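Chain letters run A, B, ... following the sequence lines, proteins first, then strands; residues in each count from 1. What you see is a predicted model, and the numbers here were worked out from it, not measured in a lab.
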Amino acid sequence: MNASFYERPVVEVARDLIGCVVSSCGCSGVIVETEAYHDSEPACHAYAGLTARTATLFGPPGRAYVYRSYGVHALLNAVSEREGVGAAVLIRALEPLDGIELMHARRGVSRERDLCSGPGKLTQALGIWLDEDGGDLSSGPVTISHRPAARLEPEIVRSRRIGITKAVELEWRFCMHGSRHLSSSERR
DNA sequence: CATGGGATTGACT
DNA sequence: GTCAATCCCATGC
């Protein structure tokens, strides 16, 4: 998808990414869960302003923002809105599509629904690490492309974001209705 | 310069 | 349900 897709209000981008396909290193999956973050609200890393950590968030739209969470996991975001605005969509869960054997090998779990059902899980399954930060999502290695023509338009459910302590009232989370591949946090 | 907390996960009770 | 792992960096003294 080109940069104009991402150069829109981040909440719209988060909604429209449901059903799109993330690909990396021979693996791919359909996005079934996203969350929007914007520098105007305190749950967003960019809320504190432009720093070394958040430089990618304030950069041009259509790039990957990959950061370390809890000192352990890598989380994948798609930078949105115009350059100079700190906003991104967190990719929280995928339905595995291609390269499923490789995902099993990387994740070390048996159930397919455990492969990509969380933001830290899907980066591990797809082999996405912190060095992808700043990468162009239209050229790779990590890419996001439109919903495959064979797939129906998804029914989308909107709710509050998960696992945050600030601005919890905002309904900036989007899920594909009925998907079996949502994050485990979904069930809290 | 020291400290605390976080957009999570998985192991254990 | 509870909790440790593990590290970057924003914040505050």
Closest listed nucleotide, where the reference is the side chain of A:K121 and the choices are B:dT9, B:dA7, C:dC8 | B:dT9
From C:dC9, C:dC7, B:dT8, pick the nucleotide closest to the side chain of A:R53?
-> C:dC9
Shortest non-hydrogen separation from A:P119 to A:L90 and the atoms involved = CB-CD1, 4.3 Å
Do A:S179 and A:H181 get their side chains close enough for a donor-acceptor pair, meaning under 3.5 Å?
-> no
To the nearest Å, how far apart are A:L170 CG and B:dA7 P?
-> 14 Å
Hey, does A:I164 reach any base, or is it just sugar-phosphate, or nothing, if we go heavy atoms under 4.0 Å?
-> sugar-phosphate
Go through the N and O atoms of the side chain of A:Y70 and the base of B:dA7, and report whether any donor-acceptor pair is under 3.5 Å.
-> no
Where the side chain of A:N77 meets the backbone of A:V79, is there a donor-acceptor pair that is under 3.5 Å apart?
-> no
Verify the distance criterion only: is there a donor paired with an acceptor across the side chains of A:Q124 and A:R106 at less than 3.5 Å?
-> no
Test: A:R63 cationic atom under 6.0 Å from A:Y65 six-membered ring centre, within 45° of axis = no
d(OH, A:Y47; P, C:dT11) in whole Å | 10 Å
For DNA chain C, the expected dot-bracket line (Watson-Crick or G-U under 3.5 Å, [ ] crossing, | inter-strand) is |||||.||||||.
Rounded to the Å, how far apart are A:L182 CG and B:dT8 P?
-> 15 Å
Write down the distance separating the C1' atoms in C:dA4 and B:dG4, rounded off to the nearest Å.
-> 16 Å
Distance in angstrom units between A:Y65 OH and C:dC8 P, rounded | 13 Å
Could you tell me whether the phosphate oxygens of B:dT8, OP1 or OP2, come under 4.0 Å of any side-chain nitrogen or oxygen in A:R92?
-> yes
Identify which nucleotide among B:dG10, C:dC8, B:dG6 has an atom closest to any side-chain atom of A:T165, counting heavy atoms from C-beta outward.
-> B:dG6
Quick one: which of B:dT8, B:dG10, C:dA10 gets closest to the side chain of A:A48?
-> C:dA10
Would you kindly give the CZ-to-P distance between A:R111 and B:dT9, to the nearest whole Å?
-> 14 Å
Presence of A:K166 side-chain N/O under 4.0 Å of B:dA7 phosphate oxygens OP1/OP2 = no
Starting at CG of A:L130 and ending at P of C:dC7, how long is that distance when rounded to a whole Å?
-> 11 Å
Minimum-distance nucleotide (side-chain atoms of A:L90 versus B:dT9, B:dG10, B:dA7) = B:dA7
Please answer whether the main-chain N or O of A:A36 pairs with a side-chain N or O of A:R161 as donor and acceptor at a distance below 3.5 Å.
-> yes
Of the listed nucleotides B:dT8, B:dG10, B:dG6, the one nearest the side chain of A:R107 = B:dG10
For the side chain of A:T51, counting heavy atoms from C-beta on, which of B:dA7, C:dA10, C:dC7 is nearest?
-> C:dA10
Within the pair A:S69 and B:dT9, is there a side-chain N or O less than 4.0 Å away from OP1 or OP2?
-> no
A:D114 atom CG is separated from B:dG10 atom P, nearest whole Å, by 8 Å
Indicate the atoms forming the closest heavy-atom contact of A:L126 with A:C27, along with that distance.
-> CD2-CB, 3.5 Å
For A:I162 and B:dG6, give me the distance from atom CD1 to atom P, rounded to whole Å.
-> 16 Å
Can A:Y37 be classed as stacking with the base of B:dA7, given a centroid separation cut-off of 5.5 Å and a plane angle cut-off of 30°?
-> yes
Polar contact flag, side-chain donor to acceptor under 3.5 angstrom, A:S183-A:E33 = yes
